[in-house]
Amino acid sequence: MKLGIESYCRITNNSVIVNDNSIEIPREQSWLTDIYHAAKISYPKFFKMDNLAKCGFLGSELVLQSIDIDKTTPKENIAVVCCNRSSSLDDDTAYQKTIQNNDDYFPSPAVFVYTLANIVTGEISIRNKTMGESAFYVMEQFNPQKFCSFAESAFLDSTIDACICGWVEFFDGNCDVLFTYITRNPKNNKELNIENLHTLYNL
Amino acid sequence: MEELILELKKEIIEVLNLEEITPEDIDTDAPLFGEGLGLDSIDALELMMLMQKNYGIKVDNSEKGKEIFKSIRVMAEFISNNRTK
């Protein structure tokens, strides 16, 4: 199956790259909040998200800023597929702290709702009103071959025209994000293949 | 009462991550849900935890919760009359 990467975004602890352009992020608050402000996004729910969902949200926002999906693709034909290493462990740990001590037992509902990794795909779908399939995979490390397979599996559904597909890892203060917008007929020549994904991940 | 209202506003901003809102932005008499601050059901649960953790008040009835969380002023009056912390 021949698919193409129409847009991509790479976020690490100290850099943001969108479609080959390094984005300058003024440092004022937390790294993810600084990216949010630099990207001029207005979505108050962002601040209620856990860090994993924030990473997924930002990755998808930056990828989609250069694409007008409202005009290019019907929302029911867009899939969302994500993968990572630590699942929701970062938020699981935060939640555990709220129930660790019998004398200070106050389980936080707002923390609890993010103790599932696939909440990330839900947040992205809600934000963009996409209605195609969504999936979240957990694997040991970023694996371009599996990433390709996950994206290709979304396109086995003939109604799917595009897929917001991302590696979204956050644990213990470290973020590692690669988001892509994959289509059947990309407007550029960046084919979805192992070599290109390897290159983008190592930017 | 005004002191408790201000304290409550600060706590709500912190616990609900209302990042771009200041205490001055919150109308003391405006509805907390639906309009006003536009809080959702998860926020309601978080407010229940706040009442228990900070003021020793257990809100275990959703109908009662609806009454208490009508506005910041109603919340503050309820806390003032029922707090154990």
Side-chain angles (χ1 to χ4, degrees), chain A residues 25-58 61 88 90-92 94-116 118-120 122-123 126-127 170, chain B residues 7-27 30-70 72 75 78-79 82-85:
Chain A
I25 310 293
R27 302 303 301 264
E28 288 170 2
Q29 303 174 50
S30 73
W31 175 232
L32 298 179
T33 301
D34 286 343
I35 297 172
Y36 171 90
H37 288 303
K40 296 184 168 57
I41 301 166
S42 178
Y43 193 65
K45 200 182 174 202
F46 170 82
F47 298 105
K48 293 177 181 286
M49 296 177 191
D50 77 327
N51 283 318
L52 181 66
K54 281 180 178 173
C55 283
F57 176 82
L58 291 171
E61 286 291 298
S88 60
D90 195 71
D91 195 66
D92 297 347
Y95 182 69
Q96 175 66 25
K97 284 179 185 166
T98 72
I99 58 172
Q100 185 68 34
N101 187 343
N102 282 343
D103 298 328
D104 188 30
Y105 186 88
F106 294 104
S108 166
V111 177
F112 179 74
V113 292
Y114 287 100
T115 57
L116 263 183
N118 59 355
I119 298 299
V120 178
E123 291 286 11
I126 291 167
R127 163 66 163 171
F170 188 97
Chain B
E7 177 185 305
L8 202 48
K9 286 180 178 178
K10 286 179 182 170
E11 286 171 347
I12 287 174
I13 287 169
E14 190 190 341
V15 80
L16 301 185
N17 292 315
L18 304 176
E19 196 85 5
E20 287 163 337
I21 291 177
T22 65
E24 294 74 34
D25 295 332
I26 303 176
D27 183 340
L32 290 171
F33 293 87
E35 35 189 314
L37 283 182
L39 305 184
D40 61 23
S41 57
I42 300 297
D43 294 325
L45 294 172
E46 207 60 55
L47 288 182
M48 288 181 183
M49 295 307 295
L50 181 150
M51 297 282 277
Q52 195 173 341
K53 192 173 182 177
N54 296 2
Y55 303 103
I57 299 170
K58 197 167 183 178
V59 183
D60 49 10
N61 178 318
S62 61
E63 285 305 311
K64 194 173 162 190
K66 272 185 195 170
E67 276 298 309
I68 299 166
F69 300 143
K70 225 170 186 173
I72 295 284
M75 253 182 108
F78 187 83
I79 289 169
N82 296 278
R83 65 189 302 171
T84 59
K85 280 188 185 176

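Chain A is the first sequence line, chain B the second, and so forth, proteins listed ahead of strands; every chain is numbered from 1. Source: prediction; values computed, not measured.
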Anything under 3.5 Å between a donor and an acceptor, one on a side chain of residues 46-53 of chain B, the other on a protein residue two or more places apart or in another chain? List them.
unit_1 : atom_1 : unit_2 : atom_2 : d
B:E46  : OE1    : A:S108 : OG     : 3.1
B:E46  : OE1    : A:A110 : N      : 2.7
B:E46  : OE2    : A:S108 : OG     : 3.2

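For CZ of A:F47, the number of neighbouring non-hydrogen atoms (other residues, nucleotides, ligands) closer than 6.0 Å is greater than 12.
Neither the backbone nor the side chain of B:D40 comes within less than 4.5 Å of any heavy atom of chain A.
Between A:P109 and B:L45, the shortest heavy-atom contact is CG-CB, 3.4 Å.
The distance from atom CZ of A:F106 to atom CG of B:N54, rounded to the nearest 0.5 Å, is 8.0 Å.
Counting only residues at least two apart or on different chains, the salt bridge (Lys or Arg N to Asp or Glu O under 4.0 Å) pairs with a member in residues 28-42 of chain A are A:R27-A:D34.
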